[in-house]
Amino acid sequence: MQRRRFLKQGLRVALGATAIGTLGLGLGGCGFQLRGYGESLPALPALALAGADDDLATAVRKTLTRAGTRVDDQAALRLNLGRGTISETQQGLSAGTSHDIELTLRAPFSVQRQANDAYLLDQQTLEVSETVTVNDDDLLAQDDSRRNARERLYETAARRLIERLRPLAEQ
């Protein structure tokens, strides 16, 4: 009796998996695609970059270039990028010698037309966070972990900024 019920249940699971697989193949075969997935969004042709010359600005410049946007002081639009500040917050209680630290990068930005200084995006704030585990017994590794986390924060912030600027390319 138990074996018969087990076989029926296994058959139902197999039929369900087959149905889902067939549905997935059918949707893929007809050209169905999730909206925005795999779609390359239009990039701004050119953008002037103004503001502090710090690690965030360097990451933004590289990301803009990789996205196909030319960084040019004579561009029609200007990205005003404020200095990025990183704050650290200890998360929870210390478990022995290691603990988690949340690093948060905040940077103000705005976008203006160069011709008349009209704001297209006025006084926005970019914010990204990352949690890193540090060990108090290994200070050298702790410094490396923080440095690597900061680099990832700058790269993530630059990518998010580019995504927030993409709708301007469609105007």
Side-chain angles (χ1 to χ4, degrees), residues 27-28 31-94 98-171:
L27 286 175
F32 175 79
Q33 200 173 10
L34 289 175
R35 193 170 124 198
Y37 183 76
E39 178 182 317
S40 66
L41 298 170
L44 291 166
L47 187 67
L49 186 57
D53 190 22
D54 59 0
D55 292 333
L56 178 60
T58 302
V60 168
R61 186 179 306 274
K62 285 179 186 176
T63 305
L64 282 169
T65 303
R66 273 187 263 139
T69 300
R70 186 172 36 89
V71 179
D72 180 12
D73 290 339
Q74 304 306 316
L77 299 178
R78 177 178 60 238
L79 170 62
N80 302 309
L81 186 61
R83 184 168 299 280
T85 58
I86 295 179
S87 61
E88 292 186 11
T89 307
Q90 185 167 336
Q91 299 291 307
L93 297 175
S94 199
S98 65
H99 59 277
D100 290 339
I101 295 176
E102 182 181 40
L103 299 170
T104 303
L105 169 66
R106 288 182 188 86
F109 74 95
S110 62
V111 177
Q112 291 178 281
R113 278 194 202 102
Q114 294 261 55
N116 59 5
D117 288 337
Y119 283 96
L120 299 176
L121 294 175
D122 185 23
Q123 299 302 315
Q124 305 281 315
T125 301
L126 184 64
E127 183 174 320
V128 291
S129 297
E130 181 169 329
T131 302
V132 62
T133 301
V134 295
N135 186 344
D136 291 333
D137 288 342
D138 193 355
L139 295 178
L140 185 58
Q142 189 180 114
D143 289 343
D144 289 342
S145 295
R146 281 190 167 118
R147 185 178 319 105
N148 292 337
R150 283 188 174 108
E151 288 174 10
R152 287 189 303 271
L153 279 175
Y154 291 132
E155 291 170 7
T156 302
R159 283 193 309 272
R160 287 195 186 161
L161 179 62
I162 301 309
E163 291 302 316
R164 287 174 73 175
L165 296 178
R166 288 206 191 263
L168 298 177
E170 298 168 357
Q171 293 180 355

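Values below: every heavy atom of this structure, side chains too, minus hydrogens, waters and symmetry copies. Residue numbers count from 1 along this sequence.
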Quick one: side chain to side chain contact (heavy atoms under 4.5 Å, CB included) partners of T89, sequence neighbours excluded? Q91
On a heavy-atom basis, which atom in A75 and which in A48 lie closest, and how many Å separate them? CB-N, 3.5 Å
R146: what forms a salt bridge (charged side-chain N to carboxylate O under 4.0 Å, His left out) with it, not counting sequence neighbours? E88
Provide the full list of side chain to side chain donor-acceptor pair (under 3.5 Å) pairs with a residue in residues 66-79, sequence neighbours left out, each pair given once. R70-D72, R78-N80, R78-Q112, R78-Q114, R78-D117
Rounded to the nearest 0.5 Å, how far does CG of L81 lie from OG of S110? 9.0 Å
What pair of heavy atoms forms the shortest contact from A107 to G82, and how long is it? CB-O, 4.2 Å
With sequence neighbours left out, the residues meeting side chain to side chain contact (heavy atoms under 4.5 Å, CB included) with T65 are V71
Reported CG-to-CG distance for the pair L77 and L49, which is rounded to 0.5 angstrom: 12.5 Å
Is any side-chain heavy atom of E155 closer than 4.5 Å to one of T63? no
Let me know which of T156, T85, L126, V128 forms a side-chain contact (heavy atoms from CB on, under 4.5 Å) with L105. V128
To the nearest 0.5 Å, tell me how far R159 CZ sits from L161 CG. 12.0 Å
So CG of L153 and CD of E127: to nearest 0.5 Å the spacing works out to 10.5 Å
Donor-acceptor pairs under 3.5 angstrom involving side-chain atoms of residues 118-125: please list them, not counting sequence neighbours.
unit_1 : atom_1 : unit_2 : atom_2 : d
Q124   : OE1    : R164   : NH2    : 2.9
Q124   : NE2    : D122   : O      : 3.4

Name the atoms and distances for all side-chain donor-acceptor pairs under 3.5 Å in residues 55-62, with sequence neighbours left out.
unit_1 : atom_1 : unit_2 : atom_2 : d
T58    : OG1    : D54    : O      : 3.1

